[in-house]
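In what follows, residues are counted from 1 in the order of the sequence shown.
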Amino acid sequence: MALRVNNLEGNEIADDYTRTAAKRGRWGETWDAFKASFGKVILINIFILITFLPGVAVIIFRNMYVANMFAIYPFNANTGLGYGGYSGMLGFAEQIYLYADLMFYSLLIVAGFIASVGVAGGAYSIKKLVNTSGKFTLKGFFHGVKVCYFNTVLPVTIFMLFFFATKIVGDWKDLVIARGGSGAGPITAYVFVIIATVLVGIYCAWLLAVGVSYRVKFTQLFKNAFVLLIGSPIHTVFFAGFALIPVWIYLIGTAASFMKIIAYIFFVFLGFSFILMVWMSFTQWVFDMYVTPNLKAAKEEADSKKTPQQLAAEKEEDDKRTARELLAAGKSELIGRPIKPIEDEVLVKPLGKTFSRADVNAVDGDRTKMKEGIAAYEQEHKNDSVYVEYNKLFAEREKALQSTDKKGKKKKVSKDNLLK
């Protein structure tokens, strides 16, 4: 990557959890978290769904308004059956759609402010879920809303503005064509605004990922999202398409009604969480490649939340562990126990190119005698002074790990004084 995102290092938003290493890889850990925390994923989805209900209500009222308008105006349907024709009805249906969408889709932008609450809490909770192998609490959900809402409502609003523009330009195109005007300009404008909305939508998804994951300044948020987008364009398009599987199922449902029912069920129980889990896992994978975590800063921040007693206990335990490692590395079995010297005499007769069962039994007998001789030599010399003094030295040092002072309290042990 030519550009840099160094300002993300050490600024991860992880106030109520400690990120663990992905031992099985990012996607392996995500799959494990999904299986182990399936109920939590559904619960997160329900919380997100609640915040989307105002937007759903806007769409329902918009469809009801349009249906009511079409019921009021006959559009010359009964001309010739005793009803007079309405004048100036050319393009009137398209005009109804345009006015309805201007009113209701502008309200949908406002509903996005409410939906951003669920997206902020859900994205933070999903990120926490995949980074901690399944940890989730309601308190953590609302903490995500608190720390990530602004960085969420910003990309949501930007995308909704472009989506609003796409819908209005499409209605305007239909109105111009219905009234007999040239469709070249409106169609061209419609194609360009669709392309712009798709590109801005992908960029806003990266704005969301960066904003939920890191504390950065306003200008750095836009810059880092752009850098990460152009740094992984093919991966971004693929995983954006994969994350939107619930949307594709819904769109297929426009031609097959049973697929739309499946899409509704999917969205109620899993759809929003699925989209966020795929996207947040993918973006965390990209962060793992391009952003080096500041482990020292993270440890200092975690230590700042601990009491002096906890820090002292951790230091003592760390010193004991280090001391044990030094003891284990220092003590040698070759010195601490008698080893029978190698004799010139061949103790086990080797087998020739041809041998019988008796020869195999003889070799086995020689090996048994050799083992017995080694054990006998060790037993005979185990009390030699060289071995006694060596083992006594390490026994005293190991005993220091459990020693106490005159008051009955355990002595503080460190790697500096243990081996003196």
Check: Taking side chain as C-beta onward, heavy atoms only, is Y99 less than 4.5 Å from M69?
Finding: no
Check: If you count the non-hydrogen atoms of other residues, nucleotides and ligands that lie under 6.0 Å from CZ in F34, is the total more than 12?
Finding: yes
Notebook entry, point to check: Between Y190 (side chain) and W172 (backbone), is there a donor-acceptor pair under 3.5 Å?
Noted result: no
Next item on the list: Check side chain to side chain donor-acceptor pair (under 3.5 Å) between D101 and all other residues, then give those that pass, not counting sequence neighbours.
Entry: R62
Checklist line | Heavy-atom donor-acceptor pair, S281 side chain to V278 backbone, under 3.5 Å | finding: no
Next item on the list: Rounded to the nearest 0.5 Å, what's the gap from NZ on K371 to CZ on R367? Could you check?
Entry: 8.0 Å
Note to self: Students often mix this up, so state it plainly: with edges at 30° and 60°, are the rings of F52 and F272 parallel, tilted or perpendicular?
What the structure shows: tilted
Item checked: Heavy-atom closest contact (G118 atom, I48 atom, distance) -> O-CG1, 3.4 Å
Next item on the list: Specify whether H235 and F282 have parallel, tilted or perpendicular ring planes, treating 30° as the upper limit for parallel and 60° as the lower limit for perpendicular.
Entry: parallel
Notebook entry, point to check: What is the distance from atom CD1 of I109 to atom CE of M160, rounded to the nearest 0.5 Å?
Noted result: 6.5 Å
Margin query: For the backbone of L228 and the side chain of S232, can you confirm whether one donor and one acceptor N or O come within less than 3.5 Å of each other?
Written below: yes
Margin query: Do F142 and F47 make a side-chain contact, defined as non-hydrogen atoms from C-beta onward lying under 4.5 Å apart?
Written below: yes
Next item on the list: Determine whether Y124 and K127 make a side-chain contact, defined as any pair of heavy atoms from C-beta on separated by less than 4.5 Å.
Entry: yes
Next item on the list: Would you name the heavy atoms of F104 and V58 that are closest together and state the gap between them?
Entry: O-CG1, 3.1 Å
Next item on the list: Determine, stepwise, if the pair D32 / K35 fulfils side-chain contact (heavy atoms from CB on, under 4.5 Å).
Entry: CA-CA 5 Å; D32 289 343; K35 291 187 298 181; 3.9 Å; yes
Check: What's the shortest heavy-atom distance between E94 and D174, and which atoms?
Finding: CG-O, 3.6 Å
Next item on the list: Take atom OH of Y250 as the centre, draw a 6.0 Å sphere, and report whether it contains more than 12 heavy atoms from other residues, nucleotides or ligands.
Entry: no
Note to self: For the OG1 atom of T219 and the CG atom of N224, what is their distance to the nearest 0.5 Å?
What the structure shows: 9.0 Å
Check: Looking at side-chain heavy atoms only, is the closest gap between L102 and F164 below 4.5 Å?
Finding: yes
Next item on the list: Verify, without hydrogens or angle tests, whether T197 (side chain) and T166 (backbone) share a donor-acceptor contact under 3.5 angstrom.
Entry: no
Notebook entry, point to check: What distance separates I46 CD1 from L270 CG, expressed to the nearest 0.5 Å?
Noted result: 10.5 Å
Check: Would you say D171's side chain and Q95's backbone share a donor-acceptor pair under 3.5 angstrom?
Finding: no
Notebook entry, point to check: Any donor and acceptor pair, going by atom type alone, linking the side chain of N11 with main-chain N or O of V216 inside 3.5 Å?
Noted result: no
Item checked: Side chains of S213 and Q284, donor plus acceptor under 3.5 Å -> yes
Item checked: W279 side chain vs A205 backbone, donor-acceptor pair below 3.5 Å -> yes
Note to self: Show the nearest heavy-atom pair for residues V176 and S182, with the distance to one decimal.
What the structure shows: CG1-O, 3.6 Å
Next item on the list: Check whether the side chains of T152 and S116 place a donor and an acceptor atom closer than 3.5 Å, and report yes or no.
Entry: no
Notebook entry, point to check: What pair of heavy atoms forms the shortest contact from A111 to P54, and how long is it?
Noted result: CB-C, 4.2 Å
Item checked: Which atom of L276 lies closest to which atom of G122, heavy atoms considered -> CD1-C, 3.8 Å
Notebook entry, point to check: Would you say the side chain of V169 lies within less than 4.5 Å of the side chain of P186, judging by non-hydrogen atoms?
Noted result: no
Next item on the list: Could you tell me whether the side chain of L154 reaches within less than 4.5 Å of the side chain of F222, counting heavy atoms only?
Entry: yes
Item checked: Pairwise side-chain contact, V210 with L8, heavy-atom cut-off 4.5 Å (strictly under) -> yes
Next item on the list: May I ask you to check whether R215 and Q220 show a side-chain donor-acceptor distance below 3.5 Å?
Entry: no
Item checked: Enclosure of F269 CZ (heavy-atom neighbours >12, cutoff 6.0 Å) -> no
Next item on the list: State the NZ-CD1 distance between K128 and I44, to the nearest 0.5 angstrom.
Entry: 9.5 Å
Next item on the list: Give the C-alpha distance, both sets of side-chain angles, the deciding distance and a yes or no for side-chain contact (heavy atoms from CB on, under 4.5 Å) between N151 and V212.
Entry: CA-CA 7 Å; N151 290 344; V212 171; 5.8 Å; no
Checklist line | Residue pair F274, F267: steps toward the side-chain contact (heavy atoms from CB on, under 4.5 Å) verdict | finding: CA-CA 9 Å; F274 177 85; F267 270 109; over 6 Å; no
Notebook entry, point to check: ring pair (Phe, Tyr, Trp, His ring centres under 6.0 Å) between F239 and W27: does it pass, once the steps are laid out?
Noted result: CA-CA 12 Å; F239 283 102; W27 294 105; 5.1 Å; yes
Checklist line | From CD1 (I168) to OH (Y105), nearest 0.5 Å | finding: 9.0 Å
Notebook entry, point to check: Any side-chain heavy atom of L43 within less than 4.5 Å of one from F141?
Noted result: no
Next item on the list: Assess whether atom OH of Y149 is packed by more than 12 heavy atoms of other residues, nucleotides or ligands within 6.0 Å.
Entry: yes
Item checked: Worked verdict on V130 versus W285 for side-chain contact (heavy atoms from CB on, under 4.5 Å) -> CA-CA 11 Å; V130 300; W285 173 70; over 6 Å; no
